[in-house]
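Remarks on the structure that follows.
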Amino acid sequence: MSDIFSLISQSATGLFHLVVFPGGLFALLFGLVLKGIDRKVEARLQRRVGPPLLQPFYDLVKLASKETIIPETANKTLFMYAPLLGFTGMAVCLALLPVPGVYYGMENMGDMLVFFYLLPLPAIALMVAGSSSSSPFGALGFSREMTLMFAYEVPLLLVILAVAMQVGGEGSAEFSLRKIIEYQREHGSFGFTLSMLPAFVAYLLYLPGTMGVPPFDVAEAETEILEGPLLEYSGGLLAFFQLTSAMKLVIALGFGVVMFFPGTVAGGPLVNIVWFAAKCLLLMLVALTLCKAATARMRIEQALSFYLKYPATLALVSVVLAWVSL
Amino acid sequence: MTPTNKSNEIVHDALLQATELATQWTFDVKQNAFGWLRLNNTESLRPAAKALAENGARLCTMTAYVEERGENSNKKAIAYHFALANTVVTVTVPLYTAGCDTPVAVPSITSWFRNADWNEREFHEMFGIDIVDHPNPKRLFLDERLDAGIMSSLIPFSAMVHGAATRNLWEQVMAAKGVDITGSDGSYGLENPHGAPTDISTPPIEEPTFTPVSATAPENGN
Amino acid sequence: MSEALGKEFTLPLGPMHVALEEPMYFKVTVEGERVRHVEITSGHVHRGMEALATKRNLFQNIVLTERVCSLCSNSHPLTYCMAIENLAGIEVPRRAQYLRVLADEIKRVASHLFNVAILAHIIGYKSLFMHVMEVREIMQDVKETVYGNRMDLAANTLGGVKNDVDAQLFGYITRSLQRLEGHMQEIIDIYASNPMLCSRTVGVGVLPKDEAIRYGLVGPVARGSGLAVDVRRDAPYGIYPELSFNVITETGGDVHSRAMVRLREVNESISLIRQIAANLPEGKLTAPLPVIPAGQGCARTEAPRGELFYFIRTDESDIPTRLKWRVPSYMNWDALEVMMKDCAVADVSLIVNSIDPCVSCTER
Amino acid sequence: MNLFSDIVVRSPWLYRINAGSCNGCDVELATTACIPRYDVERLGCRYCGSPRHADIVLITGPLTLRVRDKVLRVWQEIPEPKVTVAVGICPISGGVFRGGHSIEGPIDRYIPVDVNVPGCPPRPQSIMEGVLLAKKIWLDRLNGIAPGHKEERHVSLP
Amino acid sequence: MFRFLKLLGKNLAQGPSTDPFPAKEAHTPERFRGRVVVNPEQCVGCRICHHMCAGGAIRIEDNEEKTGYNFTVWHNTCALCGMCRHYCPTKAITLSTDWHNAHTQEDKYDWAAHYSIPYLACAGCGAHIRMLPPQLAARLYAHSPVDMTDLLKLCPSCRQLAAARREEISNDTHEQE
């Protein structure tokens, strides 16, 4: 009996985490507000007034109200369900995202490898969208997205490895996020420990890649291949893609905060949520907005060689440091 | 400091030696030389072009034109303009022989001047002049649905039929003020003093593939 | 990795392409990310203007030739009026010649800044694009305040210039040039040294000097490959013999050197405008117009994109029997074949923009 | 319903079609939409790369013969409800090129135009007025009102 | 790269340079070429503007009763080039600085300026004439100080007659002295 109750209560809390916090509702609102702030700050960097903060909401509502045209040449099912693929991946990932001081993820499920596998799902969704839309630009977008994904997945893996080995000690690795947060509470968060600094910089360079922000927005290069995979999408399906990218923004930033700055602040869960949001915002401003405003777009092979050179070696350095320092 | 126009003497001698014809020279206010040479027939075009190419002239452009403004006179000619430092030499080739009226084909000079390619394709489509051994005499700018040599006839067929563009616009402007001018043939803005209606719009091609979509009725797909 | 794709497919670029200002259709055969061959289909902006020019009188043609292309919209009526003045032997008063060169140089600055800004836009450098366009707004304000329209100055007419530029307006012009020069130094440094921009533009779309000669290229595209052709110095017209300026050339022959030629020419134009402001003579604005005789005449000027050539044939009436103009961009399209050999797909629109394409000029 | 369409109207995405224009209006459109001085992004507007994402279509040029079918096909691709703005005198009346042999004349022979912004080229500010007027028409269409009667059809600055 | 970061920093410090157009009225230079405006009194009906107009935006046509002519300018095809203003002998047609011209499709053909300018009957022979505008007359008769008022009401032929009669009178007075 008791295990049934625990099963029900566990699934109820699971559902709560999936739908309300830190999952659907919270992440959506927070992600869209983050995007609004991002566009506003980028505009101010370019001496423009910039759109109203809630502009991403208006865009979503407008896209939802528009009719969705499905091109005949595209293969229907893939075209319809590609956005869903990315959306579900992000929703599940959000449910596991620990917010230090408030929620420490599901007991034994929330570890970094799950994040490593779920994070590229929106990129895969874009690839599926590109290949299904049968326009030559879609195909080109597909191959570029694939190349870029390989490029930025390598440093992510190394960063995760570095963090895991730092927590595990004596050559063993500890992937559970819960233990990582506790380790950092005792030994000080990794963002300030010397050996983990290269990994942090590698993660900073990884962020624009995964979010498709200008230096690496090769897949949706507007002026070269006309929005790439999203060329054929319109109306509701396009709104799904925007939602997914907003949620991915929250996950990528949250994951970075959890790995490097999980410090909590005295005070109730509400204060800690605000503290977590502030850290995400700061991380976004440094890694994404400034990067978007200050750089030009790289060619696909330049992006590939950039990722395999700098972030990968930086992460490797901190892996070695983590392994040696014990 | 008027530039020493040694360049126009070089060109003068080269052309004289190639075509046994002397070039007339005019000068603009700043003493830049403009040479005018009229060849007798199309054969002597190639030696002239060769001579100019050897002296480093650059082909500026080619102008095909109808000599008189007659109804559909076939007296066509092509003016080849070459630039050399501060000199512009225009070599004019008449395309009609005294007797027959059918225009003569003109030899291509792409072998000496790479940029002659587009120029020749253009007067081929605009004036219907044939070119001898041109690399690819395809259409350049003129749409396939317009008849070649559209510029050679003064009033192509389309003018009469499609001449209504300016007139019905003005009729609607005046109608909006309550003045009915459908009957009168008065001045319609772009009136051409020579009496010919100035509207040369496209001939009535087959009904356009897209019927105008009314604003409210969504026509596409679902 | 991308070579593995191997198979060749054709990519339709345009005609409704965001990066290109105007419709031009490129059928690019691509192998992986490498471009093997580019086939251009043009004619989308062919408005049949030369046929129209023989249906308008000499004055209406001044306005018609101004609308061939808006970025070099002052060079066309200037060369058209000069061709008629050469034909009829009209001597333009000196003050009008100074004001004509002033309008031409102002347009050159705006046109070059626009092309350089679009280069930044195509490589995704939004902030730099906005900064350069914002600097160009200074020049747009000068055009609007002095001439009344941001693009078509309507400065020239047969025999001279339409409206005068008095001392108060020249004060405004020199103040604007002061602000422009401050920004220009910063922009030139950024374009010369910014690693992101240089890595995308240096060595891309190379055009060797002998190819530039073979294709008969003119303007910044030829000067970017080291070929010093400039009508203002080769066949000086107007008052250019009395003004001191030097012809800018670069030797790289790639997208980067063409952009640098345009940027440094902006500085030349600024110094030219200052010289005009300094020694503008008094005098009438237009010469008395004789009856234009039958005959033919031609003229050449240096438009922002290179040498512009006009040829006109008239009979006694005031309607020309033939009006022909050859635009500097006319030869650049052919030369694209050389520049695009084995370039990356991402660079196609970058190279097309580097020749400062004016489709509406080319197709008239 | 009114609140919903008020929100929808706050994010008009612009799409530019060049139907054979002399690039004067296109340069002004690029200046209006993309630079800090006019910054239409504060009105929620954004240039989009594909016709599928567009709401307000800005058409320039006198619709030459060769580009006509492509323009009409791209215009068809834009999902309803859309508003068509003719920028410059060329799409409205053929402009100075009216009568040319490859000019397909005013654009409203093929496409229902909603807003005209005459000028050669029109000032960026008047293009913005055109976009504001287009937003108002779009709002009317969303709320199902027929094209507004005469008085309030001119631009009343908000 | 740091030079560009410095530029961004400066941008951030200076704040937005957006000109608040829809909220506040935008600056219009006084030489701006806006909508065409005609001053009917000054118009002499010489049709120079119609001859110069490349957009075909000006239409001058006698009205049915031939008591005057309709002068129409359709702004939707006017290229704002200013040729008409430059060549009009009496500066009757000018370009205002009004650029608020966005309008809906229903007003497309209303977007025009209609003027009807009456002919006057010549004092001498009653022919339809346009009265000579004062400043044009001043230029014509600059060298011979003549009482202007009645001359202006005469058609060209009657003016010649009047001038010939004036010469004749002045010759008689010479002979009498």
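Chain letters run A, B, ... following the sequence lines, proteins first, then strands; residues in each count from 1. If you're wondering where the values come from, they're calculated on a predicted model, not measured in any experiment.
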Exercise. Output the option from V146(C), I62(C), L197(C), L64(C) having the highest count of non-hydrogen pairs under 4.5 Å with chain E.
Key: V146(C)
Quiz item: Checking N149(C) against chain E: side chain, backbone, both or neither under 4.5 Å from a heavy atom?
Solution: both
Quiz prompt | ring pair (Phe, Tyr, Trp, His ring centres under 6.0 Å) contacts touching residues 51-74 of chain C (sequence neighbours left out) | solution = F59(C)-Y87(E)
Quiz item: Passes side-chain contact (heavy atoms from CB on, under 4.5 Å), D318(C) versus H51(E)? Steps please.
Solution: CA-CA 11 Å; D318(C) 69 347; H51(E) 181 73; 3.2 Å; yes
Exercise. For C155(E), enumerate each residue passing the side-chain contact (heavy atoms from CB on, under 4.5 Å) test, keeping only those at least two apart in sequence or located in another chain.
Key: C122(E), C125(E), I129(E), S157(E), C158(E)
Practice problem: Taking all non-hydrogen atoms of both residues into account, name the closest pair between S17(E) and E134(C) and its distance. | Solution: OG-OE2, 3.3 Å
Self-check item: Sidechain N-carboxylate O distance under 4.0 Å for E186(C), K10(E)
Solution: yes
Quiz prompt | Side-chain donor/acceptor of Q60(C) to backbone N/O of C53(E), under 3.5 Å | solution = yes
Quiz item: Looking only at heavy atoms, which two atoms of S127(C) and L8(E) are closest? And how far apart?
Solution: CB-CD2, 4.2 Å
Quiz item: For Y125(C), is it the side chain, the backbone, both or neither that has a heavy atom under 4.5 Å from a heavy atom of chain E?
Solution: side chain
Quiz item: Can you check side-chain contact (heavy atoms from CB on, under 4.5 Å) on H131(C) and L7(E), steps first, answer last?
Solution: CA-CA 9 Å; H131(C) 180 65; L7(E) 181 79; 3.7 Å; yes
Practice problem: Rounded to the nearest 0.5 Å, what's the gap from SG on C81(E) to NZ on K162(C)? Could you check? | Solution: 5.5 Å
Quiz prompt | Flag for S193(C)-R3(E): side-chain donor and acceptor within less than 3.5 Å | solution = yes
Quiz prompt | Contact origin within R150(C) toward chain E - heavy atom pairs under 4.5 Å | solution = neither
Quiz item: Is the backbone N or O of L153(C) less than 3.5 Å from a side-chain atom of R33(E), with the two atoms forming a donor-acceptor pair by type?
Solution: yes
Quiz item: What's the shortest heavy-atom distance between F32(E) and G148(C), and which atoms?
Solution: CD1-O, 3.5 Å
Quiz prompt | E30(E), CD atom: more than 12 neighbouring heavy atoms under 6.0 Å | solution = no
Practice problem: Ignoring hydrogens and angles, tell me if any N or O in the side chain of N194(C) forms a donor-acceptor pair with the backbone of F4(E) under 3.5 Å. | Solution: no
Exercise. Heavy-atom distances under 4.5 Å only: say whether L95(E) touches chain C with side chain, backbone, both or neither.
Key: neither
Quiz item: Is the closest side-chain heavy-atom distance between H27(E) and E144(C) below 4.5 Å?
Solution: no
Self-check item: Contact class of D189(C) relative to chain E, heavy atoms under 4.5 angstrom
Solution: both
Practice problem: Tell me, for E66(C) versus chain E, whether the close heavy atoms (under 4.5 Å) come from the side chain, the backbone, both or neither. | Solution: neither
Quiz item: Would you say the side-chain atoms of H86(E) and N163(C) include a donor-acceptor pair closer than 3.5 Å?
Solution: no
